[in-house]
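Keep in mind the model is a prediction, meaning the values are calculated, not measured. Here is how names work: the chains are called A, B, and so on, in the same order as the sequence lines, proteins then strands, and each is numbered from 1.
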Protein chains: 2
Amino acid sequence: MTIEFDHWIARVEHELSRKNQRLTPQRRVIAEALFHDGVHRNVDELYQLVRDRDRTVGHATVYRTMKLLQELDLVSANNFADGSARYEVAGAGDAHHDHLVCRTCDHIVEFEDDQVERLQEAIATRLGFVLRDHRMVLFGDCVRQACPNRQTSNLRRTGPGSHATR
Amino acid sequence: MTIEFDHWIARVEHELSRKNQRLTPQRRVIAEALFHDGVHRNVDELYQLVRDRDRTVGHATVYRTMKLLQELDLVSANNFADGSARYEVAGAGDAHHDHLVCRTCDHIVEFEDDQVERLQEAIATRLGFVLRDHRMVLFGDCVRQACPNRQTSNLRRTGPGSHATR
DNA sequence: ATCTTTGCAAATCCTTTGCATCTCT
DNA sequence: AGAGATGCAAAGGATTTGCAAAGAT
């Protein structure tokens, strides 16, 4: 746990230095928040977390840092339902994973599926593309007791239309 | 072609009337533009198309109309690379399709794949969700002669990172 | 009369930028 | 000194909303 964390910080520092950039106190605090409590947080939520530790960090710095970490492939961004980007630490050499989001409680489950990846590759090839990247998010109703969705009628197969865009 | 168009307008009118809403001149012009030249256009592009026909239509009306048509399941929205929503007529009872977008020239190809749909369903079920909707966009490099991408080195397997979010 | 729509401008939300000020080296 | 970073406030782009005027029933 702590070892993993140290490794993460070391990775950040290393990738930054490769581009002659520094692991400043602000960036360090952001990277810490990101690791400890930052899964699928958007910039504003990260900003709040960071502010608890360091009142001097500005909004813009969080944006700039997230952009930077993305460019260094240290974090990856997702867009689920709302309009904001949500980040997660990108494991070095990790397999790609996708997300399944509950429409009601926003609970997020990550999953990996080789079959999907292979299919996507095949589809792209068939259509004359070299596949470089993809984005896939599944939306559904989860069955957790805690989900408010369980309290109400969970029976309609014909739910309220599918408006998945932002 | 014209028959299809008439059918589309009739559908729009019907769905609107079911909710006590009218097919106003503005909405009609928007629906026309959408049908004739509106595939994967965003609001601003639609606005331009519409203005060619009717100078009095306002920006807000296009936004409001698209939102309305979405709620009526008459159009569906997608987010490809840029931050804006791009629309397409949603065929009544049509099979769902997904998109493959060229990173270089933004050329969009639509495809349907039952296998993918089935897999998604299986994954959701396995993880304790009732699948309601999904969003999938593949990004790649297309091989069309016209694509600027073909002019340059198309050889790097390790392209410029994968930052697909907005 | 009443309920729906509209255009306009102002407001909102997320994100980026300009700029003067620091901080390291 | 000189490049890299930061905070703040202003700017940007996409979308929504308040409001008074216009339309339809």
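Between the side chains of B:His134 and B:Glu121, no donor N or O sits under 3.5 Å from an acceptor N or O. In the model, B:Glu112 has no side-chain atom that pairs as donor or acceptor with a side-chain atom of B:His97 under 3.5 Å.
Protein atom CG of A:Leu72 is 14 Å distant from nucleotide atom P of D:dG4, rounded to whole Å. Between the CD atom of B:Gln48 and the P atom of D:dA14 there is a distance of 12 Å, rounded to whole Å. Taking atom CZ on A:Arg51 and atom C1' on D:dT6, their separation rounds to 13 Å, with Å as the unit. As rounded to whole Å, 15 Å separates atom P of C:dC13 from atom CD of A:Glu45. Going from atom CE of B:Met66 over to atom P of C:dT5 covers 16 Å, rounded to whole Å. If you measure from atom CG of B:Leu23 to atom P of C:dT4, you get 17 Å, rounded to the nearest angstrom. B:His59 places its NE2 atom 19 Å from the P atom of C:dA11, with the value rounded to the nearest Å. B:Tyr47 places its OH atom 14 Å from the P atom of C:dT6, with the value rounded to the nearest Å.
Closest approach of A:Phe5 and A:Phe35 over heavy atoms only: CD1-CD2, 3.4 Å. Taking every heavy atom of both residues into account, A:Cys142 and A:Cys105 meet most closely at SG-SG, 3.7 Å.
Partners of B:His14 by ring pair (Phe, Tyr, Trp, His ring centres under 6.0 Å), not counting sequence neighbours: none found. Residues passing the salt bridge (charged side-chain N to carboxylate O under 4.0 Å, His left out) test with B:Glu88, sequence neighbours excluded: none.
Mapping A:Asn42 and A:Arg64 onto DNA chain C by nearest heavy atom places A:Asn42 closer to the 5' end of the strand. In terms of position on DNA chain C, the residue among B:Val62 and A:Tyr63 whose nearest nucleotide sits closer to the 5' end is B:Val62.
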Item checked: Contact state string [nucleotides 20-25 of chain C, B base, S sugar-phosphate only, - no protein heavy atom under 4.0 Å] -> ---BB-

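Within the 4.0 angstrom heavy-atom criterion, only backbone atoms of the sugar-phosphate kind lie near A:Asn20; the bases stay farther away.
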Which donor-acceptor pairs under 3.5 Å do the side chains of residues 19-27 of chain A make with protein atoms, sequence neighbours left out?
unit_1	atom_1	unit_2	atom_2	d
A:Thr24	OG1	A:Arg27	N	3.1
A:Arg27	NH1	A:Arg22	O	2.8

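The shortest distance between the side-chain N/O atoms of A:Thr24 and the OP1/OP2 oxygens of D:dT6 is below 4.0 Å. Contact check, B:Gln21 against C:dT4: no side-chain N or O comes under 4.0 Å of OP1 or OP2.
Among residues at least two apart or in separate chains, side chain to side chain donor-acceptor pair (under 3.5 Å) pairs with a member in residues 50-59 of chain B are B:Asp44-B:His59, B:Tyr47-B:Arg51, B:Asp54-B:Thr56.
When distances are taken from the side chain of B:Arg27 to each of D:dA14, C:dC8, C:dT6, the shortest belongs to C:dT6. Here C:dT15 is the nucleotide among C:dT15, D:dA5, C:dT6 with the atom lying nearest to any side-chain atom of A:Val43.
Taking the six-membered ring where the residue is Trp, B:Phe80 and B:His99 present perpendicular rings, their angle passing 60° and hence far from 30°.
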Got a list of protein N/O to nucleotides 10-13 of chain D N/O distances below 3.5 Å?
none

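With respect to the salt-bridge test (charged N to carboxylate O, under 4.0 angstrom), the residues B:Asp98 and A:Arg135 do not qualify.
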